[in-house]
Protein chains: 2
Amino acid sequence: MESNRKIGAADAEDEGKGTPSGSQTLFRGLDVIDAVAEGAIALPALSERLSLTKSTTHRLASALVERGYLTFVAREGYSLGPKLLELGWVAHQQMHIPSLARPHLEQLAAATEDTVHLGILDGFQALYLDKVPGRRRVVIGSRVGERHPIASTGLGKALILDHDEAAWREFYEAQGSSVGLAVWLERMRAYAAKGYAFDLEENEDQIRCVAAPIRGASGEIVAALSVSSAAQYMSDARMEGLTGQVTDIATAISRELGWSERAGRRRPRRKT
Amino acid sequence: MESNRKIGAADAEDEGKGTPSGSQTLFRGLDVIDAVAEGAIALPALSERLSLTKSTTHRLASALVERGYLTFVAREGYSLGPKLLELGWVAHQQMHIPSLARPHLEQLAAATEDTVHLGILDGFQALYLDKVPGRRRVVIGSRVGERHPIASTGLGKALILDHDEAAWREFYEAQGSSVGLAVWLERMRAYAAKGYAFDLEENEDQIRCVAAPIRGASGEIVAALSVSSAAQYMSDARMEGLTGQVTDIATAISRELGWSERAGRRRPRRKT
DNA sequence: CCAATAATTTCATTAAATGATATGGAACAC
DNA sequence: GTGTTCCATATCATTTAATGAAATTATTGG
């Protein structure tokens, strides 16, 4: 991407009165980081790319190098530095998925009127971290903190969408399911291809759900969410229709976790 | 009414005192990031911590929020934002050694059940680029992005295995070690001959590790990896036994970097 | 060795950052 | 409810800190 616009003042010119951004130097510094993130780049190219003089570019870049945000190798140019690794790591720890996801879950619950769950993979089980009850008076027998089987819940299946078939088998064998292995694997393949998963009354009778994975900055699945309701409200057609909403919300949360299209999907680490 | 005066004169922070840098705003912005990295913090506390007025702090923090480096939640304050997750990940990929080495590190961590680190030489320090926690509940107090002494860590010693004795002395003198110079040099000679290095509770009490160098296409040491664990799990016998596994993995990574037996070892360039 | 390109430093000019003060807003107490 | 308080945001005259043209110093490659 390019967008090396003059930050806040971008639209100011037209109106004659704009946002006096007030931190030009900081913004330019961050622009430098962005430019370098696209790939190693030397000073002349960098200054050209940002439409800044070499002096200014050099001063900014040097400041960033001094702080470890960039590294500089003569004749090769600037690249991202260790400080960013460190901050990325810290941000990862500070980031509490539940608190971040909350508003999205509520939005989804409001839109669908059904119960929404958030969960992560914990060994061979799905651990439910949050729950937003829907408006319907259906009893969804789940509680935050509870563990459920992977193979027979939509949320569980969404969590392992990126695993390979050998791993799928292990999850299936760990706790089984009401459907046969062959059929189950067949469905998993379809789910993995589409990026979402269903639960067709496999775990609890009369309860169906639609689930989608949430990804972190590395593209790895870090959590999943699901919309559950009584089978009477969950026709095949409605489930199909929900997939868009569910994956959209999942994607929005992923973005807040630092995920971007660029990161895509990524194979999970073996075992837990 | 509260006084917004700048408190004490120079509180040089970690700056090398007289920094005629010329990018005050950028530096201050990065200071804000550092402060927030310590934990979520609201504006008044933040401005106090940085000895800046609320106006300035607010302007800087807002700029960072606008760019996704921070997130702001009213009443809670600022915390690190998704942009840092993304940049951390990109940085991780840009340094291609980590991304190449990742699977190998995971394999080693799984096989040994201990914590595995990857690091490179950065001046007179070892810079940790990646970490794969082991299965044991031992606390290894290290973080990605951190720097550790060369002379007293296994990883550090592995990084300088090819340097000459004069260089070894410099590294030793730079930060010392818990053992005397003579003994230390003697051990280094043995390590260099064998192609791996140990850390016998020199850096951190009760922590021992086995490390080996990773070589690039030219035969030069470009990185090193180490397996660390609590001393109770690291008998002399086990350490000896681990050397094979560790050097095998290091060699495998070296091969992926273009190294071959033919390239062998190669003296490093004289340092800065 | 010299030419060419990249990196760094210098310094007068001016635009951009600063911060005291004012305003707006949400939580809490009463 | 209404008052109180503390936090967040907007304003704007002052001055300081950022800017960039040009000069200087390293590096590289022929």
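Every value quoted in this text rests on a predicted model; they were computed, and no experiment measured them. Order of the sequence lines sets the chain letters (A, B, ...), proteins ahead of strands, with each chain counted from 1.
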**Request:** Take atom CG of D31(B) and atom P of dT18(C), then tell me their distance rounded to the nearest Å.
**Result:** 12 Å
**Asked** Over how many whole Å does the gap from L43(B) atom CG to dG25(C) atom P extend?
**Response** 17 Å
**Request:** Report the distance from atom CZ of F27(B) to atom P of dT18(C), rounded to the nearest whole Å.
**Result:** 14 Å
**Prompt:** So which one's nearest nucleotide on DNA chain C is more toward 5', P44(A) or L26(A)?
**Reply:** P44(A)
**Rounded distance in Å - CD (E48(B)) to C1' (dG19(C))** = 16 Å
**Asked** So, is S55(B) close to the dG19(C) phosphate, meaning a side-chain N or O under 4.0 Å from OP1 or OP2?
**Response** no
**Request:** Mind calculating the distance between CD (E76(A)) and C1' (dT5(C)) to the nearest angstrom?
**Result:** 16 Å
**Asked** Using a cut-off of less than 4.0 Å, is there contact between a side-chain N or O of T53(B) and OP1 or OP2 of dT18(C)?
**Response** no
**Message:** From NZ of K54(B) over to P of dA20(C), roughly how many Å is that when rounded to an integer?
**Reply:** 11 Å
**Prompt:** Taking atom types as modelled, is there a side-chain donor on H148(B) or S142(B) under 3.5 Å from an acceptor on the other?
**Reply:** no
**Asked** Aromatic rings W184(B) and W168(B): how do their planes relate, parallel, tilted or perpendicular, breaks at 30° and 60°?
**Response** perpendicular
**Message:** If you compare every side-chain N and O of H58(B) against the phosphate oxygens of dT9(D) (OP1, OP2), does one of them come in below 4.0 Å?
**Reply:** yes
**Asked** Does the side chain of I214(B) come within less than 4.5 Å of W259(B)'s, by heavy atoms?
**Response** no
**Asked** Using 30° and 60° as the class limits, which term best fits the ring planes of F171(B) and H163(B): parallel, tilted or perpendicular?
**Response** perpendicular
**Asked** Relative to the 5' end of DNA chain C, which residue comes earlier, T56(B) or F72(A), by the nucleotide with the nearest heavy atom?
**Response** F72(A)
**Asked** Would you say a side-chain N or O of Q24(B) is under 4.0 Å from OP1 or OP2 of dA16(C)?
**Response** no
**Request:** Check the distance between dT16(D)'s C1' and R28(B)'s CZ and give it to me in whole angstrom.
**Result:** 10 Å
**Prompt:** Tell me: CG of L60(A) to P of dA7(C), nearest whole Å?
**Reply:** 15 Å
**Message:** With a 4.0 Å cut-off on N to O distance, would you call R49(A) and D34(A) a salt bridge?
**Reply:** no
**Message:** Just N and O in the side chain of R59(B): are any of them under 4.0 Å from OP1 or OP2 of dT18(C)?
**Reply:** yes
**Prompt:** Is any side-chain N or O of T25(A) closer than 4.0 Å to OP1 or OP2 of dA17(C)?
**Reply:** yes
